[in-house]
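No experiment lies behind these values; they were computed from the predicted model shown. All values below were derived from every heavy atom in this structure, side-chain atoms included, with hydrogens, water molecules and symmetry-related copies excluded.
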Amino acid sequence: MFMFCTEFIFDGISSKEYDLLICSFDGNKSGSATAGSNIEFITFKAPNSNKWVRTGSNYNEQLIFTFQVCKYNCNSAENKPLSERELAFIMRWLVRKEYKYLRFIQEGYENIYYNCQINAEKYEIAGQCYGLTLTVTCDAPFGWSEPMHAAISSSTTSTIKLYDSSDEIGITFPTIEILSKSGTPKSPQDITIYNDMTEVEMLIKNCVANEHIMIRDRMIESSEYTDKHSTLSDDFNWKWLSIGNTFDNRVNEITVTGNCNIDLYWRVPRKAVI
């Protein structure tokens, strides 16, 4: 059994709280993994042609990898089996029905988060459980960065620049919280958010003072929807603000028009496998 003395954190709880560290039962440091970067290309070949034309592409698998853990003290050469009670607490912590964030306290991985579900298989010697083999299934073909945040305060118009550090060329949709600071039902204001990188302008008409608007997972809701802003579905242009990059450009210049405060929250893809 090879010991790494490496800590991991799942759902904000450290493995050290359960006296668990990463190990290898067969002495091999590398666990089995898929990089999660296999892309399926959709192609078309016209009759009497020798050329295939790409009409689309997408990732066709989630990121999946395994690693092993055991009960171990780095200051001691003694390995102890897990009791049934300890195992029950560990399984309650690790095996969930929903996705939770996993990260490894290891050089190069400190700021990579895997949003995942975990399945656990016991590793037994002479009928006693000395550790677990954990299979991690992520919600995407990659991991994610640490949470990112940007605040924008505008009285009339305000512009900020955001750098997209994503390892994936494309766009990410942030969670957006908007606080309208002016406007009445008789004289409301319009709020626009434009990103010149993506050339998309998001528009919300007829906003009123102290109205809170939340945009998450490409859904929009307002604190005033049942009162002063019941026409929100008609007042929104259904264009979603995103943060993006191309191969040559990572700078997003975002311009806000309107009297409001805006908070953006997001994570970007990180292509790394444990």
Q: Using ring-ring contact (aromatic ring centres under 6.0 Å, His included) as the criterion, list what pairs up with Y194, not counting sequence neighbours.
A: none

Q) How many angstroms lie between NZ in K239 and CD in E201, if you round to the nearest 0.5 Å? A) 8.0 Å

Q) What residues, two or more places apart in sequence or in another chain, satisfy ring-ring contact (aromatic ring centres under 6.0 Å, His included) together with Y265? A) H149

(Q) Suppose we screen for side-chain contact (heavy atoms from CB on, under 4.5 Å). Which residues come up paired with S165, at least two apart in sequence or across chains? (A) M148, Y163, V268, R270

Q: Using distance alone, with no hydrogens and no angle criterion, decide if T159 and E253 have a side-chain donor and acceptor under 3.5 Å apart.
A: no

Q. Can you name the ring-ring contact (aromatic ring centres under 6.0 Å, His included) partners of W144, sequence neighbours left out?
A. F142

Q. Quick one: which of I176, L241, I160, L179 gives a side-chain contact (heavy atoms from CB on, under 4.5 Å) with I262?
A. I176

Q: Step by step, work out the side-chain hydrogen bond (donor to acceptor under 3.5 Å, both in side chains) result for T135 and E121.
A: CA-CA 8 Å; T135 300; E121 181 180 356; over 6 Å; no

Q: Starting at OG1 of T198, measure out to CD1 of I243 and round the result to the nearest 0.5 Å.
A: 9.5 Å

(Q) With no hydrogens and no angle check, just 3.5 Å: does a side-chain donor-acceptor pair link N195 and N252? (A) yes

Q: Check whether any side-chain N or O of T184 sits under 3.5 Å from a backbone N or O of S187 as a donor-acceptor pair, and report yes or no.
A: yes

Q. Can R267 be said to sit on top of Y113's aromatic six-ring, NZ or CZ under 6.0 Å from centre and within 45° of the ring axis?
A. yes

Q: Mind checking salt bridge (Lys or Arg N to Asp or Glu O under 4.0 Å) for E199 and listing every partner two or more places apart, or none if nothing turns up?
A: none

Q.
Checking N206 now: which residues fulfil side-chain hydrogen bond (donor to acceptor under 3.5 Å, both in side chains) with it, not counting sequence neighbours?
A. D235

(Q) For the residue pair S153 / N261, report whether a side-chain donor-acceptor contact shorter than 3.5 Å exists. (A) yes

Q. Aromatic rings W93 and F8: how do their planes relate, parallel, tilted or perpendicular, breaks at 30° and 60°?
A. parallel

